2 protein chains.
Amino acid sequence: MNARRPTISDVARTAGVAPSTASVVFSGKTPVSEATRAKVLAAANELGYLGPDPRAASLRRGRSGIVGVVSGGRLGSVFGDPVMRITMDALADAVAPIGAGLLLLREGSVVAGGPTLMTAPIDAAVLIGCSGLLREHLAGVRGRGIPVVVIEGDGGADVPRIALDNREAQRLAAEHVRDLGHTRVVAVTMPFRWGSDPGWLSPDDERATSVDVVADRLAGFRDVFPDAAAYAAVDSSIDAGAAVGRALFGGDGPRPTAVVAQSDLLAVGVLRAAEEAGLRVPEDVSITGFDGIVVDGLAPYELTTLVQPAWEKGRAAGETVVALLEGDTPDSQWFTSTFRRGNTTASVASDS
Amino acid sequence: MNARRPTISDVARTAGVAPSTASVVFSGKTPVSEATRAKVLAAANELGYLGPDPRAASLRRGRSGIVGVVSGGRLGSVFGDPVMRITMDALADAVAPIGAGLLLLREGSVVAGGPTLMTAPIDAAVLIGCSGLLREHLAGVRGRGIPVVVIEGDGGADVPRIALDNREAQRLAAEHVRDLGHTRVVAVTMPFRWGSDPGWLSPDDERATSVDVVADRLAGFRDVFPDAAAYAAVDSSIDAGAAVGRALFGGDGPRPTAVVAQSDLLAVGVLRAAEEAGLRVPEDVSITGFDGIVVDGLAPYELTTLVQPAWEKGRAAGETVVALLEGDTPDSQWFTSTFRRGNTTASVASDS
DNA sequence: TTGTATGCGTTATCAA
DNA sequence: TTGATAACGCATACAA
């Protein structure tokens with residue numbers, strides 16, 4: 001016996017119909033008489049045929065039903081951020097109706113040999129929180145005719161973007177802090193480059209910041225505090241924020257009276273470090289976050305932060321992908337964050 | 001001009017070589033003289049050819065470089081669990097060397113039309129934390145010759161498993177609690193069915209529990225407390241645990257003196273609810289978790305829990321996939337958890 | 001080291 | 001409603 005798996009031609013032959021007819025029975029794209037449908041199904045059953053081979057179907061159709069999602073860093077750190085999870089969730093929902101799923105791709109391959117934008121059979125790509133370095137790769141994918149959507153970043157002229165008012169929003173937080181009278185203020189940023197070390201941002205670092213979201217939020221901060229110091233965390237997590245906070249509060253130098261963090265997770269970490277250092281929030285130090293996520297166990301604190309529409313961003317990205325695949329030319333979409341005053345900010349203490 | 005994208009044949013023709021030669025230049029599977037390589041590359045450049053089409057290559061090779069990862073529930077809730085993130089991260093690392101990436105597939109499609117095990121061009125599938133219901137689908141994929149690996153579950157006779165000693169480990173926790181003198185003990189479980197409602201588990205529910213990991217851990221608990229009540233959470237998260245905790249501690253009935261939770265996140269939620277209810281941990285109520293993850297902001301508590309090797313499990317799953325794709329017949333692997341005593345358990349108070 | 005020939009399994013197009 | 005035909009773009013076995 002032949003160990004070869006049955007193909008749709010085998011089924012057609014057994015059923016006594018043309019391959020194209022058998023194909024149509026499975027795809028349902030054309031009406032088929034009940035009689036032939038039954039014959040074909042019977043033959044398929046007899047031969048153990050389980051339906052069209054997705055690989056062959058992709059070649060023929062020119063569609064694989066796969067959307068590549070490129071993000072910086074490891075899965076663990078990317079999905080550790082609730083905003084990212086929500087965004088991805090909405091994205092997955094939005095592309096599901098066209099039968100598409102998400103293929104996880106990592107910028108700057110962590111492990112050699114992994115799949116890339118150029119080698120994976122993707123129909124479209126979504127870049128999320130990637131560094132600008134990735135733009136070169138974009139040329140390749142786009143040259144192939146693969147649509148690209150960029151979330152929180154700039155993919156170049158005609159790459160639709162899903163953007164957030166990072167700069168304006170972060171400026172709001174900075175202004176809030178300034179209006180409370182703070183002058184010794186420090187910005188805590190997310191990593192400015194994939195895999196960058198934590199530490200104070202030098203002017204060079206700052207100029208070389210390649211992650212748009214980091215650069216934009218920092219710019220908003222700089223609009224208000226042009227000369228303040230900025231400290232980059234190793235990633236956007238509570239742990240990373242706590243590490244930064246220990247550096248800020250543990251030293252002998254003058255302590256900041258306010259910290260403007262680029263994410264809620266970082267802010268919570270800083271807050272924990274402040275508590276560890278015996279500082280009261282907001283009396284001794286004011287802290288702002290960014291994202292507007294719910295951090296469990298934070299009570300009685302409620303972070304002063306900027307609430308961003310993460311779900312909507314993901315949905316919009318997915319819908320943009322769908323539109324592009326249908327040949328439309330969707331516009332970029334800008335979303336706005338909402339300032340939410342919590343109880344982690346207060347006027348600067350007169351004696352501090 | 002023809003808008004058609006150049007193919008490798010076009011490149012070969014322009015370079016004045018055979019298609020197979022041009023192919024080899026890109027795949028590097030066979031030595032090519034420097035001269036022809038240069039010719040081919042020049043031609044490719046001239047035509048704007050960007051390398052082999054991954055879809056065509058998959059058909060020809062019979063490999064797409066895609067591993068489907070099936071999990072229950074939404075992305076957000078799946079990746080909300082640190083154990084899952086670590087496992088997926090390790091899995092991604094382990095399959096990267098063969099050029100494979102992870103395609104996210106959801107059990108019980110949340111949204112109609114999404115990709116499925118049968119329609120996605122996958123080379124292999126990894127089931128993780130799925131319900132037993134999925135086993136039917138397994139027949140289909142396996143019939144296609146697609147290797148399957150199951151993490152924390154049973155895929156049937158010759159499906160390699162990556163297993164954890166859930167029952168034995170959970171029994172250890174239960175014994176610990178029993179040895180501390182507790183008799184009013186409640187188990188808090190993860191959802192016993194995808195999308196199941198939270199609430200007390202009836203005997204019927206318990207019999208119908210289709211998620212192996214839930215059933216196994218519950219069995220371990222039952223080995224020690226055959227008649228204790230069990231309460232199912234809506235997912236494995238702090239919030240879900242807190243909701244359960246409020247139900248346990250908020251009522252008028254007799255309060256449990258110990259809670260055996262099926263995950264650390266649930267345990268932390270229960271702990272928070274206990275605090276809310278004005279109970280002291282561990283004086284008034286003892287709590288155990290499962291997983292051994294680091295939950296930030298939990299200090300001064302250190303959960304009494306079972307530490308499981310999440311990374312190793314993910315790696316093992318990935319390596320098993322690779323072995324299967326190479327035609328080997330790898331064995332299942334069993335991993336063990338380690339009991340870790342924290343400060344969330346204590347002897348039952350004499351007056352309680 | 002290069003070229004020739006073939007088929008991977010399907011589906012779109014068109015004509016019957 | 002069905003069937004014949006022709007790609008889809010590539011990579012391999014084998015011969016030269």
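Keep in mind that the numbers below use all heavy atoms, side chains included, and drop hydrogens, waters and symmetry copies. Predicted, not measured: the structure shown is a model, and the values here were computed from it. Note on naming: letters A, B, ... go to the chains in the order of the sequence lines (proteins, then strands), and numbering restarts at 1 for each one.
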Without decimals, in angstroms, what is the distance between [X] [atom1] and [N] [atom2]?
X: B/R13; N: C/dT4; atom1: CZ; atom2: C1'; value: 15 Å
X: A/M118; N: D/dG9; atom1: CE; atom2: P; value: 15 Å
X: B/I8; N: D/dT12; atom1: CD1; atom2: C1'; value: 13 Å
X: B/R55; N: C/dT11; atom1: CZ; atom2: C1'; value: 15 Å
X: A/D53; N: C/dC8; atom1: CG; atom2: C1'; value: 9 Å

Answer with yes or no whether A/R60 presents, from its side chain, a donor or acceptor under 3.5 Å of a partner atom in the base of C/dT10. no

On a plain distance test, is the side chain of B/S20 in donor-acceptor contact with the base of C/dG3 below 3.5 Å?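 When only heavy-atom distances are counted, B/S20 does reach the base of C/dG3 through a donor-acceptor pair under 3.5 Å.
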
Would you check if B/L325 and B/R63 make a side-chain contact, meaning some heavy-atom pair closer than 4.5 Å? yes

Contact check, side chains of A/Y49 and A/V40, non-hydrogen atoms, under 4.5 Å: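 They are not in contact (no side-chain heavy atoms under 4.5 Å apart), so the answer is no.
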
Both B/A18 and A/Y49 contact DNA chain C. Taking the nearest nucleotide for each, which residue is further toward the 5' end?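 It is B/A18, whose closest nucleotide lies nearer the 5' terminus.
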
Using a 3.5 Å distance criterion without hydrogens, assess whether the side chain of [X] forms a donor-acceptor pair with backbone atoms of [Y].
X: A/S58; Y: A/S64; value: no
X: A/R144; Y: B/G51; value: yes
X: B/R161; Y: B/V150; value: no

Counting the atoms with a prime plus P, OP1 and OP2 as sugar-phosphate, which does A/L59 contact under 4.0 Å by heavy atoms, base, sugar-phosphate, or nothing?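 Result for A/L59 = base.
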
Does anything in residues 22-37 of chain A reach DNA chain C, meaning a heavy atom under 4.0 Å, and if so which residues? A/S23

Could you point out which residue of A/L103, A/L105, A/T87, A/L91 forms a side-chain contact (heavy atoms from CB on, under 4.5 Å) with A/V69?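 Passing option: A/L91.
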
